[in-house]
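Read the structure below first, then the notes.
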Amino acid sequence: MNGNNEEKSPAENHGGGEDIKPPENKKWRFNSPFVQVSVMGFVCFCCPGMFNALSGMGGGGQVDPTAANNANTAVYSAFTVFGLLGGGFYNVLGPRLTLAAGCSTYVLYAGSFLYYNHHHHQAFAIVAGALLGCGAGLLWAGEGAVMTSYPPPHRKGTYIALFWSIFNLGGVIGGLIPFILNYHRSSAASVNDSTYIAFMCFMFAGVLLSFGILPATSVIRNDGSRCSAVIYSRPSTEAAAVLRLFLDRKMLLIVPAAWASNFFYSYQFNNVNGILFNLRTRGFNNVFYWGAQMAGSIAIGYVMDFSFKSRRARGFAGISLVAVIGTIIWAGGLANQHGYSLNNLPEKKLDFKDSGIKFAGPFVLYMSYGLLDAMYQSMVYWLIGALADDSQTLSRYSGFYKGVQSAGAAVAWQVDTRKVPLMSQLIVNWSLTTVSYPLLVLLVYFYVKDDNDDDSNDKV
């Protein structure tokens, strides 16, 4: 392949962009968008879903969060680079190799905490975190291309909700793992070895599932049309294309939302779940945190796809709904934060069985944070998907989003490591999300076009 000519995959040379006869058994065909997005959901169920459950324990399940904070800083620092370049790897390697390579790094990361449980050396966890950041950049670029370009254009919100629900089911199951395996250890400070081994088994299953993802040219929608073909270009071409996104006005409007969307995790996981609750209750809470994410993604998916006939109106409605709900939840967080600080920690950690009514308020707040996270990120993914309809462009957009998101997260984990006052952390998190809403309104106003419902007969 030379530098001036882009080479197409074999599938593209055999009618990759043309319509064909609508297939039989539409929904459950392996090469249907429904099944492919579902498989992608289960890949993320096993890998980032379990990673989220591990992080949600606060400190990676350890009594001292320092090692986990430093490992997460390494994760997101590497992710910042590979999130931006992940779309280039996806376009060059295709979905299977990109996803398999990315998933394998999750297994190593969980293994590093199994090692830390015995030796308490941070170096392995930090190196594994850096490798995970590289792998996560590959995985999420592939995921973004799949879930935004495979579905029919007028049902992207529904498919994003489908993916997000399956993905966050991983967090629910992942929350059950430490809850069950540490149930009788109510006074324990760190999770046991079996917890990390169980996480590793699920993550390895994700590596195997990633080989079930088909390239875009092999996926056929219910009306007989193929998904947009991917043009395989040189890595240097992809790198230049991604860097040009920093001059793209559409992407600049998304930057604050991308930066904010993972910034609050360190506060929520370490300083709400980690500080207020004991070990087994943290696992219990995560079942509901990630379960609430499933509900949130379904709710916002419905609003973004079905609330109005106009795509632009649906975009405005979704942003407005998330802004109102977000304001209410962060106000509740402000009220809760007045009850403790780093210099005034609770005398006794809350337990779901023994703490009675004192458990209820912080539990509902933590669950609500999960609801808001899913609604916020699903909304942003819908907006990204509304900006284009080809997987090559969308993989770059998704990579840009995840790269900026990861830069924010890397900063956030170090903010927590340096013991910034908890009230300051909350106010910064609330402010970042609030600033993003009017910019997303401008994005919809200037760049999201109403579709003509040309493929309105294509059903989910």
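Using modelled atom types, one finds no donor on one side chain facing an acceptor on the other under 3.5 Å when comparing Asn429 with Gln425. Using a 3.5 Å distance cut-off with no hydrogens or angles, the side chains of Asn278 and Thr281 do pair a donor with an acceptor. For the residue pair Asn31 and Gln36, no side-chain donor N or O sits within less than 3.5 Å of a side-chain acceptor on the partner.
Side chain of Thr98 to main chain of Pro95: no donor-acceptor pair is present (N/O by atom type, distance under 3.5 Å, no hydrogens or angles). Although no hydrogens or angles enter the test, the distance criterion places no donor-acceptor pair under 3.5 Å between the side chain of Ser307 and the main chain of Met304. A distance-only check finds no donor-acceptor pair linking the side chain of Ser406 to the backbone of Tyr76 [under 3.5 Å]. The main-chain N or O of Gly332 is never found under 3.5 Å from a side-chain atom of Asn336 such that the two would form a donor-acceptor pair. No side-chain donor-acceptor contact under 3.5 Å links Arg221 to the backbone of Pro33. With Ser55 contributing its side chain and Asn52 its backbone, the two residues share no donor-acceptor pair below 3.5 Å. Under the 3.5 Å distance criterion, the side-chain polar atoms of Asn262 are left unmatched by any main-chain donor or acceptor of Ala409. A donor-acceptor pair is defined here as one N or O able to donate and one able to accept, closer than 3.5 Å; such a pair exists between the side chain of Asn273 and the backbone of Gly56. At least one donor-acceptor pair closer than 3.5 Å links the side chain of Asn168 to the backbone N or O of Trp164. Put simply, the side chain of Lys419 never gets that close to the backbone of Leu342: no donor and acceptor are under 3.5 Å apart.
Scanning for salt bridge (Lys or Arg N to Asp or Glu O under 4.0 Å) contacts around Lys250 gives Asp248, with sequence neighbours left out. Under the ring-ring contact (aromatic ring centres under 6.0 Å, His included) criterion, Tyr115 pairs with His119, Phe124, sequence neighbours left out. Remark: Tyr267 engages Gln337 in a side chain to side chain donor-acceptor pair (under 3.5 Å) (not counting sequence neighbours). In this structure Tyr289 satisfies the side chain to side chain donor-acceptor pair (under 3.5 Å) test together with Gln268, sequence neighbours excluded. In this structure, the side chain to side chain contact (heavy atoms under 4.5 Å, CB included) partners of Leu209, at least two apart in sequence or on a different chain, are Phe42, Val43, Cys46. Contacts of Ser261 classified as side chain to side chain donor-acceptor pair (under 3.5 Å), with partners at least two apart in sequence or in another chain: Tyr401, Gln405. Evaluation of the ring-ring contact (aromatic ring centres under 6.0 Å, His included) rule for Tyr302 yields Phe306 as partners, not counting sequence neighbours. In terms of the ring-ring contact (aromatic ring centres under 6.0 Å, His included) criterion, residue partners of Phe284 (sequence neighbours excluded) are, by chain and number, Phe179, Phe288, Phe352, Phe363. For Tyr369, the ring-ring contact (aromatic ring centres under 6.0 Å, His included) partners two or more places apart in sequence, or in a different chain, are Trp330. Applying the side chain to side chain donor-acceptor pair (under 3.5 Å) test to Ser297 and every residue at least two apart in sequence or in another chain returns Ser165. The side chain to side chain contact (heavy atoms under 4.5 Å, CB included) search around Val324 returns Ile328, not counting sequence neighbours.
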Under 3.5 Å, sequence neighbours excluded: what are the donor-acceptor pairs made by side chains of residues 128-137?
none

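Looking at heavy atoms from C-beta onward, Phe89 lies out of side-chain contact with Leu97 at the 4.5 angstrom threshold. The closest side-chain heavy-atom distance from Ser436 to Tyr376 is below 4.5 Å. Side-chain contact between Thr66 and Gln122: present, with at least one pair of heavy atoms (C-beta onward) separated by less than 4.5 Å. Between Phe264 and Trp430, every side-chain heavy-atom pair lies at or beyond the 4.5 Å cut-off.
Taking CG of Leu387 as the start and CG of Leu443 as the end, the distance is 5.0 Å to the nearest 0.5 Å. Atom CE of Met40 sits about 6.0 Å away from atom CZ of Phe163, to the nearest 0.5 Å. Taking CH2 of Trp290 as the start and CG of Leu176 as the end, the distance is 14.0 Å to the nearest 0.5 Å. To the nearest 0.5 Å, atoms CG (Leu162) and CD1 (Ile298) are separated by 9.0 Å. If you take CD on Gln293 and CG on Leu371, they are separated by 8.5 Å, rounding to the nearest 0.5 Å. Interatomic distance, Leu422 CG to Ile275 CD1, rounded to the nearest 0.5 Å: 5.0 Å.
Figure legend: Arg282 and Phe277 shown without cation-pi pairing, the cationic atom not lying both under 6.0 angstrom from the six-membered ring centre and within 45 degrees of its axis.
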What verdict does the side-chain hydrogen bond (donor to acceptor under 3.5 Å, both in side chains) test give for Asn270 and Tyr265, after you've listed the backbone C-alpha separation in whole Å, the side-chain angles of each residue and the deciding distance to 0.1 Å? CA-CA 8 Å; Asn270 286 357; Tyr265 279 161; over 6 Å; no
Please report the C-alpha distance between Ile254 and Val404 in whole Å, then the side-chain angles of each, then the deciding distance to 0.1 Å, and finally whether the side chain to side chain contact (heavy atoms under 4.5 Å, CB included) criterion is met. CA-CA 9 Å; Ile254 288 175; Val404 175; over 6 Å; no
Applying side chain to side chain contact (heavy atoms under 4.5 Å, CB included) to Phe34 and Tyr159, what does each step give before you reach the verdict? CA-CA 7 Å; Phe34 179 86; Tyr159 279 84; 3.9 Å; yes
Working for side chain to side chain contact (heavy atoms under 4.5 Å, CB included), residues Val428 and Ser431: CA-CA 5 Å; Val428 168; Ser431 300; 5.7 Å; no
Run the side chain to side chain contact (heavy atoms under 4.5 Å, CB included) check on Leu114 and Met200 step by step: do they pass? CA-CA 10 Å; Leu114 177 62; Met200 293 173 69; 4.3 Å; yes
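Considering all non-hydrogen atoms of both residues, Gly175 and Val287 come closest at C-CG2, 3.7 Å. When all heavy atoms of Tyr150 and Pro215 are compared, the pair lying nearest together is OH-C, 3.4 Å. Contact record, Gly326 with Tyr437: CA-OH, 4.4 Å, taken as the closest heavy-atom pair. Residues Leu350 and Pro362 share a closest heavy-atom pair of CD1-CG, 3.9 Å. Residues Gly41 and Ile166 approach most closely at C-CG2, 3.4 Å, considering heavy atoms. Closest of all the heavy-atom pairs between Met375 and Val322 is O-CG2, 3.9 Å.
Among Asn72, Asn70, Asn69, the single residue meeting the side chain to side chain donor-acceptor pair (under 3.5 Å) criterion with Gln414 is Asn70.
Between Tyr397 and Trp140, the distance from one ring center to the other does not fall under 6.0 angstrom.
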